[in-house]
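Note sheet for the following structure.
Sequence lines set the chain letters: A, B, ... in the order given, protein chains first and strands last, and positions in each chain run from 1.
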Amino acid sequence: MRSVAEQLEILRRGVEAIVPEGEFLKKLGKSVSTGIPLRVKYGIDPTGIDVHLGHTVPLRKLRQFQELGHTAVIIIGNYTALVGDPSGRDETRAKLTEAQVEINAKDYLTQVGRIIDLDRAEVHKNGDWFGKWSFLDVLDLTRRMTLGQISARDDFAKRIAAEKPVYLHECLYPLMQGWDSVEIKADVELGGTEQLFSLMVARNLQVEQGQAPQIPMTMPILVGTDGTRRMGKSLGNYIGVAEPPESQFGKIMSLPDEPMRQFFTLLTDIPLAEVDRLLAPGVNPRDAKEVLGREIVRQYSGLDAAEAAAQAFRKRSSGEDPDVIPEVILSRDQLDENGQILIPRLIVALGLESSTSNARRVIEGGGFNHGEDRSILINPKVSIVVTDGLLVRVGKRKIVRVRLG
RNA sequence: GGGUGGAUACCCAAGUGGCUAAAGGGGCCAGACUGUAAAUCUGGUGGUUCUACCUUCGCAGGUUCGAAUCCUGCUCCACCCA
């Protein structure tokens with residue numbers, strides 16, 4: 001096992017806060033001297049299907065702990081998911097059914113396995129214990145926190161101030177999450193910055209149960225592809241770990257310049273000195289994004305896929321057609337006796353736009369061209385002759401080869 | 001139980017009888033530009049057989065030449081007081 005100093009250097013990268021840090025050092029020191037690994041908890045609620053880069057921030061940290069010889073303990077919050085994490089929310093989460101949560105949980109685990117070594121990790125569902133609880137047990141848990149403590153919490157305080165509803169079940173969330181730590185005897189718990197409240201609740205519960213309190217370690221919240229708001233499924237600004245390479249790469253390239261440092265720090269192991277060099281003034285930010293994009297794609301799909309994605313992107317941005325052009329079959333009866341079709345109809349028939357009205361607007365805006373010579377037509381009333389193999393482009397990204405069928 | 005406020009297009013949010021397919025912002029799409037699918041700028045953003053027509057403002061009726069706007073009933077939501 002590596003020394004405390006060595007471990008700390010790796011573990012500190014990208015971390016927002018370790019509270020209290022001194023206590024963490026002691027735990028780490030004890031672990032090094034006794035050879036007993038730390039139990040590092042990370043809880044994830046299976047509320048959706050897509051694990052995105054935002055989730056990978058703490059997961060990557062967990063992976064680092066694993067690589068240093070510590071024990072990763074993953075909590076699948078199948079019961080907390082039924083409540084909905086109020087953290088960072090200004091609204092109540094939508095209710096999930098137990099069945100949905102069950103399906104999600106399974107799917108989550110396979111995705112998480114892309115980052116964590118699941119063979120070496122402990123995985124628990126918090127339904128394993130909460131499912132056995134009686135109402136009296138619940139009452140006993142609620143006895144441990146006051147309304148004042150709950151409502152002092154930033155998320156709730158904001159909602160109360162904004163006259164938005166705060167439901168009782170949401171108040172249970174931090175207590176449940178805290179109790180998970182008691183059950184698995186956590187030494188460290190990872191979470192986003194906003195999780196600090198919940199992570200601290202666990203300490204009190206653990207002490208009451210005669211355990212040493214866990215050390216919350218918080219990670220910054222990754223911003224989404226819009227560069228401002230947190231990355232999240234509901235905001236539609238996320239990059240999923242299971243997304244195709246080209247899509248991941250493209251989204252990285254279309255990131256605003258500002259959040260790049262955060263992405264490098266939190267999502268890669270590229271040395272920070274190297275990151276400084278890439279982001280230095282005078283260096284084309286595009287190049288930095290390309291490095292970032294390759295690295296992200298490499299992590300999930302390998303080096304070859306990363307290279308291919310970068311190539312495809314370069315081609316496309318220089319105006320060339322990509323190597324692989326999707327083919328769409330167009331029925332011959334869509335054409336008139338001269339083999340022609342109205343452009344808006346063609347675009348809709350090929351699935352490039354959702355309605356002829358919308359297609360017309362795009363055409364009038366100059367977003368349509370076709371064929372090898374890329375002739376642009378801006379009159380939506382024009383019909384064109386469609387031959388087998390015709391290339392049809394709408395905007396920069398939508399290109400299709402017509403197959404007459 | 002009492003009171004108040006609310007339900008508008010993908011989201012937020014104006015609009016309280018005609019000039020409203022419905023302000024503004026966000027998002028998204030397209031175009032220009034470019035060191036980038038960044039930033040900036042421009043245009044667009046219900047549908048169709050498209051200089052016109054059809055459908056839309058919680059639901060159902062009604063008044064009116066004409067309603068997102070007025071009336072009646074209903075459903076849903078929130079907040080406040082108890």
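Ion pairing of A:Glu364 with A:Arg361 is absent here, as no side-chain N (NZ or NE/NH1/NH2) approaches a carboxylate O to less than 4.0 Å. Taking a cutoff of 4.0 Å between a charged side-chain nitrogen and a carboxylate oxygen, A:Asp388 and A:Arg403 qualify as a salt bridge. The pair A:Lys27-A:Asp187 counts as a salt bridge, with a side-chain nitrogen and a carboxylate oxygen less than 4.0 angstrom apart.
Between the CG atom of A:Leu278 and the P atom of B:rU36 there is a distance of 17 Å, given to the nearest Å. In this entry the distance linking CG of A:Asp287 with P of B:rA37 reads 13 Å, nearest Å. Note: CG (A:Asp226) to P (B:rA37) measures 19 Å, nearest angstrom.
The side chain of A:Arg361 has B:rG47 as its nearest neighbour among B:rU36, B:rG47, B:rC29. Residue A:Asp257 places its side chain closer to B:rA38 than to any other of B:rA37, B:rA38, B:rC29. In the set B:rG47, B:rG31, B:rU36, the nucleotide with an atom closest to the side chain of A:Lys396 is B:rG31. Residue A:Ser355 has its side chain nearest to B:rG47 when only B:rC29, B:rA37, B:rG47 are considered. Set against B:rA38, B:rG47, B:rA37, the side chain of A:Pro256 has B:rA38 as its closest nucleotide. Checked against B:rC29, B:rA38, B:rA37, the side chain of A:Lys289 finds its nearest nucleotide in B:rA38.
Counting heavy atoms of neighbouring residues, nucleotides and ligands inside a 6.0 Å radius, atom CZ of A:Arg2 does not exceed 12 of them.
Counting non-hydrogen atoms under 4.0 angstrom, A:Leu255 reaches the backbone sugars and phosphates but no base. A:Gly366 comes within contact range of the sugar-phosphate backbone alone, with a heavy-atom separation under 4.0 Å but no base atom that close. Counting non-hydrogen atoms under 4.0 angstrom, A:Phe313 reaches a base of the nucleic acid.
Rounded to whole Å, the P atom of B:rG31 lies 49 Å from the corresponding atom of B:rG5. Nucleotides B:rC12 and B:rC28 place their C1' atoms 15 Å apart, quoted to the nearest Å.
Nearest-nucleotide positions on RNA chain B for A:Gly282 and A:Thr225 put A:Thr225 closer to the 5' end. With RNA chain B read from its 5' end, the first of the two nearest nucleotides for A:Ser354 and A:Lys251 is the one closest to A:Lys251.
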Pick out the pairs of N or O atoms, protein on one side and nucleotides 49-56 of chain B on the other, that lie under 3.5 Å.
| from | atom 1 | to | atom 2 | distance (Å) |
| --- | --- | --- | --- | --- |
| B:rU49 | OP1 | A:Arg345 | NH2 | 2.7 |
| B:rU49 | OP2 | A:Thr356 | OG1 | 3.1 |
| B:rC50 | N3 | A:Arg360 | NE | 2.9 |
| B:rC50 | N4 | A:Ser357 | OG | 3.4 |

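In the model, A:Gln177 has a side-chain atom that pairs as donor or acceptor with a side-chain atom of A:Gln195 under 3.5 Å.
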Exercise for review: Evaluate the side-chain hydrogen bond (donor to acceptor under 3.5 Å, both in side chains) criterion for residues A:Asp107 and A:Gln111: first the C-alpha distance (whole Å), next the side-chain angles of each, then the deciding distance (0.1 Å), finally the verdict.
Suggested key: CA-CA 7 Å; A:Asp107 193 54; A:Gln111 294 185 72; 3.0 Å; yes
Practice item. May I have the step-by-step check of side-chain hydrogen bond (donor to acceptor under 3.5 Å, both in side chains) for A:Ser181 and A:Glu189, ending in yes or no? Key: CA-CA 8 Å; A:Ser181 294; A:Glu189 178 164 8; 3.1 Å; yes
